[in-house]
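Within every chain, numbering begins at 1; the chains are lettered A, B, ... in the order of the sequence lines, protein sequences first and strands thereafter.
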Amino acid sequence: MAKKPWRVVQVSDDEVVGRFTRQQIMDAVRAVKERNEARKKKNGRHPGTVKAGGADETRASAPKPRRVAAARARSKGEG
Amino acid sequence: MKTPYDLGVFINCPFDARYRKLFHATVFAVFDCGFEPRCALEVEDGGEERIRKIKRIIRECRYGIHDISRVEVDAKSRLPRFNMPLELGLFLGAQEYGVDEQKEKRSLVLDSVPYRYQKFCSDIAGQDIRAHGDRPVKAVGAVRAMLATALDGFRLPGPTRIMERYSAFQAELPALCGELGAAPSELQFVELRSLIKEWIVDHPFGM
């Protein structure tokens, strides 16, 4: 007698996902995307991108002070 | 045609805050490669015995990603955790002793340091074992490499591109949670998984 294959459960189409419905999650993704696209259209760039040296440069992307000091020292021939 | 079994990827890793960066990047990479991440966190059902739940998920997944990097002793209990090696053993056992599609199981074993497994779990030599150095981009690269072999002739983006997309998702996560009225730290695994999935559907490659 042929052995039965293992039972396979479909998990990807669950209608309720944790505390939300799948529709709520899809709506949230679309709403954020549309908001970002509207902002991008207005500003000419994606809100997540940072202009180097720009006014809104974040701390994470800004050059580290020690690196700046080292670069200055190198340019003066002190490094 | 791929069945849910062919697309299922069982993720066996630590679920603590220290590992979260790697875990979330791995979940994202699995989805971005077109597969379905599964793990023990997906069912919060106190009625189902934990080991039974894990065995069921293993049975439903063709692929397994096993991170055995958490070998140090716990600060409080002074004991190491054995859950990851146990689940790796279950997965390899299913491949060895299971029938039909279970024989087609494929595993990726991850550790943080290259060749360290030889000192604490040398019997797994011969498996696909990669070191990620606790860096998400390296874990994503290893996951992508394993899953790419399953996609005949289908091109996948490189790990750097997947990480760029993951960073874009992370940047939007607070706003996504805001829309849902939840804090990012409060998200359950199934909620995060669904958010990632819908985000990927809405942001296909090349967009």
Rounded to the nearest 0.5 Å, what separates atom CZ in A:R19 from atom CD in B:Q188?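 Interatomic distance, A:R19 CZ to B:Q188 CD, rounded to 0.5 Å: 5.5 Å.
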
Look up atom NZ in A:K33 and atom CD in B:E198, then write down how far apart they are to the nearest 0.5 Å. 12.0 Å

Under a 4.5 Å heavy-atom cut-off, does chain A meet the side chain of B:Q170, its backbone, both or neither? neither

For B:L187, is it the side chain, the backbone, both or neither that has a heavy atom under 4.5 Å from a heavy atom of chain A?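 Both parts, backbone and side chain.
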
Which atom names give the shortest non-hydrogen contact between [X] and [Y], and what distance separates them?
{"X": "B:V190", "Y": "A:G18", "answer": "CG2-N, 3.7 Å"}
{"X": "A:V29", "Y": "B:D202", "answer": "CG1-CB, 3.7 Å"}
{"X": "B:A175", "Y": "A:R35", "answer": "CB-NH2, 3.8 Å"}

Can you tell me if B:E179 uses its side chain to pair, donor with acceptor, with the backbone of A:D27 under 3.5 Å? no

Could you tell me whether B:R135 atom CZ has more than 12 heavy atoms of other residues or ligands within 6.0 Å of it? no

Decide if atom NZ of B:K103 counts as having more than 12 heavy atoms of other residues, nucleotides or ligands within a radius under 6.0 Å.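 Above 12, so yes.
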
Donor-acceptor list for residues 81-99 of chain B side chains, cut-off 3.5 Å, not counting sequence neighbours:
| unit_1 | atom_1 | unit_2 | atom_2 | d |
| --- | --- | --- | --- | --- |
| B:Q95 | NE2 | B:K105 | O | 3.0 |

